[in-house]
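Mind looking over this structure? Questions follow.
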Amino acid sequence: MQKKTVSKNRHHKTKITMKAQNEIWRNLSGIVFTHPLKELLEEAIQRELKNGYELKVCVGSDSHVYGNEVHYATAIVVIRKGKGAFAFIRKERIVQKIGIKERMLNEVAKSVEIAYAIHEILDKYDIQMEVHADINTDSDFKSNIALKDAMGYILGMGYTFRAKPYAFASSSCADLAV
């Protein structure tokens with residue numbers, strides 16, 4: 001773990017402890033990227049801006065339980081406003097028995113971890129970011145138990161929060177990879 005200073009938003013600074021982002025990232029077609037995440041994202045942003053696209057980035061995670069394993073996927077979706085999108089995906093498996101609320105909050109924590117890792121690049125290019133939670137706003141669904149905590153965590157970090165049905169980075173893109 002390394003300590004670094006990161007800005008919570010454009011107006012505040014906070015010290016956080018965070019692990020390095022050297023996990024394996026791929027696209028939805030399965031192509032694996034060898035560059036570190038920040039390099040990968042900055043190269044993509046520079047390319048897309050050079051091509052004249054206006055960009056927005058959404059980060060979201062999803063998970064599924066398979067026996068005693070939880071499979072997580074985190075997606076970084078780069079939207080070319082009005083011209084489609086592309087995504088970078090990270091997957092991981094953890095052996096654990098876990099309740100629905102804790103699993104939903106783990107998803108949110110994974111998304112916030114990535115948002116912290118990339119926010120400086122997005123700020124550098126003045127690109128808006130949203131953090132998506134795969135949590136239903138309808139109280140008839142089990143995931144709703146974590147809605148208030150997830151919303152408070154994401155908003156408290158200074159990010160724009162989206163839940164279902166507007167959380168496509170988690171409920172669609174990350175879901176495809178789990």
Side-chain angles (χ1 to χ4, degrees), residues 1-4 6-9 12 14-28 30 32-33 37-38 41 56-79 85 87-119 122 128-178:
M1 293 225 170
Q2 62 183 12
K3 282 201 176 192
K4 57 171 111 175
V6 295
S7 61
K8 215 158 73 168
N9 57 39
H12 296 87
T14 185
K15 283 196 180 250
I16 64 163
T17 302
M18 217 166 102
K19 65 182 176 181
Q21 294 304 312
N22 41 356
E23 293 92 354
I24 296 171
W25 290 87
R26 62 178 187 86
N27 65 15
L28 288 171
V32 174
F33 299 97
L37 174 60
K38 289 180 184 181
L41 184 62
K56 179 167 106 175
V57 171
C58 302
V59 178
S61 298
D62 195 13
S63 64
H64 293 270
V65 176
Y66 299 98
N68 64 343
E69 284 188 348
V70 181
H71 295 211
Y72 291 95
T74 300
I76 301 169
V77 181
V78 180
I79 300 168
F88 300 109
I89 307 287
R90 172 185 77 174
K91 295 194 226 181
E92 75 183 283
R93 294 180 193 175
I94 300 174
V95 176
Q96 67 182 162
K97 291 284 185 185
I98 191 170
I100 185 74
K101 184 174 183 178
E102 185 180 359
R103 187 166 55 95
M104 295 297 103
L105 294 177
N106 281 350
E107 290 176 11
V108 170
K110 290 175 185 307
S111 297
V112 168
E113 173 191 2
I114 297 306
Y116 267 128
I118 67 173
H119 84 276
L122 301 179
Q128 177 190 4
M129 177 173 48
E130 296 176 354
V131 178
H132 292 188
D134 190 36
I135 296 174
N136 208 302
T137 54
D138 184 337
S139 61
D140 289 339
F141 291 84
K142 291 180 184 178
S143 66
N144 183 265
I145 192 169
L147 181 64
K148 287 181 184 176
D149 293 335
M151 185 171 23
Y153 184 22
I154 293 168
L155 292 173
M157 295 289 110
Y159 299 122
T160 301
F161 170 80
R162 296 284 182 258
K164 284 182 176 179
Y166 307 105
F168 59 85
S170 56
S171 60
S172 293
C173 294
D175 182 66
L176 287 172
V178 178

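Residue numbers start at 1 and run along the sequence shown.
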TODO: Go through H132 and V77 one step at a time and tell me if the side chain to side chain contact (heavy atoms under 4.5 Å, CB included) criterion holds.
DONE: CA-CA 10 Å; H132 292 188; V77 181; over 6 Å; no
Task: Smallest separation among heavy atoms of M129 and I118, with atom names - done: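 Result for this residue pair: SD-CD1, 4.0 Å.
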Task: Side chains of W25 and I76 in contact at under 4.5 Å (non-hydrogen atoms) - done: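 Of all side-chain heavy-atom pairs linking I76 with W25, at least one is under 4.5 Å.
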TODO: To the nearest 0.5 Å, tell me how far K142 NZ sits from M104 CE.
DONE: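 So the gap between those two atoms works out to 11.0 Å.
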Open item on the list: For a quick test of reading the model, state the closest non-hydrogen atom pair linking A133 to F161 and the distance between them.
Closed with: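 In this case the closest contact between A133 and F161 is CB-CE1, 3.8 Å.
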Open item on the list: If we check side-chain contact (heavy atoms from CB on, under 4.5 Å) with S63, which of these qualifies: E92, R93, H71, E107?
Closed with: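 Exactly one candidate clears the test, E107.
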Which atom pairs, one a donor and one an acceptor, fall under 3.5 Å between side chains of residues 167-174 and the rest of the protein, sequence neighbours left out?
unit_1: S170; atom_1: OG; unit_2: D134; atom_2: N; d: 3.2
unit_1: S170; atom_1: OG; unit_2: A167; atom_2: O; d: 3.0
unit_1: S171; atom_1: OG; unit_2: A167; atom_2: O; d: 2.9

Task: For Y72 against I98, the heavy-atom pair lying closest together - done: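 Y72 and I98 have their closest heavy atoms at OH-CD1, 3.9 Å.
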Open item on the list: As an exercise, state the distance from OG of S139 to CG of L147, rounded to the nearest 0.5 Å.
Closed with: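 Interatomic distance, S139 OG to L147 CG, rounded to 0.5 Å: 10.0 Å.
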Task: Any donor-acceptor N/O pair, T74 side chain to R90 backbone, under 3.5 Å - done: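 Looks like no, no N/O pair under 3.5 Å.
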Open item on the list: Less than 4.5 Å apart, side chain to side chain, heavy atoms only: is that true for K97 and N68?
Closed with: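 With C-beta onward as the side chain, the pair touches.
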TODO: Look at the aromatic rings of H119 and Y116 and report parallel, tilted or perpendicular, splitting at 30° and 60°.
DONE: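 Aromatic pair H119/Y116 classed perpendicular.
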Open item on the list: Please give me the minimum heavy-atom distance between I79 and A85, naming the atom from each residue.
Closed with: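 That closest heavy-atom pairing would be CA-CB, 3.9 Å.
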- [ ] Working to the nearest 0.5 Å, report the span between CG of L28 and CZ of F88.
- [x]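 L28 CG to F88 CZ: 10.5 Å, rounded to 0.5 Å.
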Open item on the list: Between R162 and E130 (side chain of the first, backbone of the second, donor and acceptor by atom type, cut-off under 3.5 Å), is there such a pair?
Closed with: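 It does not hold such a pair.
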Task: From CD1 (I145) to CG (N136), nearest 0.5 Å - done: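 Output value for this atom pair is 13.5 Å.
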TODO: Supply the atom-to-atom distance K110 NZ to E113 CD, rounded to the nearest 0.5 angstrom.
DONE: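 Rounded to the nearest 0.5 Å, the NZ-CD separation comes to 7.0 Å.
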Open item on the list: With heavy-atom distances below 4.5 Å as the criterion, would you say the side chains of N144 and D138 are in contact?
Closed with: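 When only atoms from C-beta onward are counted, D138 and N144 do not touch, as no gap falls below 4.5 Å.
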Task: Atom pair CZ (F33) and CZ (R26), whose distance is rounded to the nearest 0.5 Å - done: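 If we round to the nearest 0.5 Å, F33:CZ and R26:CZ are 10.0 Å apart.
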Open item on the list: Could you check whether any side-chain heavy atom of I135 comes within less than 4.5 Å of a side-chain heavy atom of F141, counting everything from C-beta outward?
Closed with: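 No, too far: nothing below the 4.5 Å cut-off.
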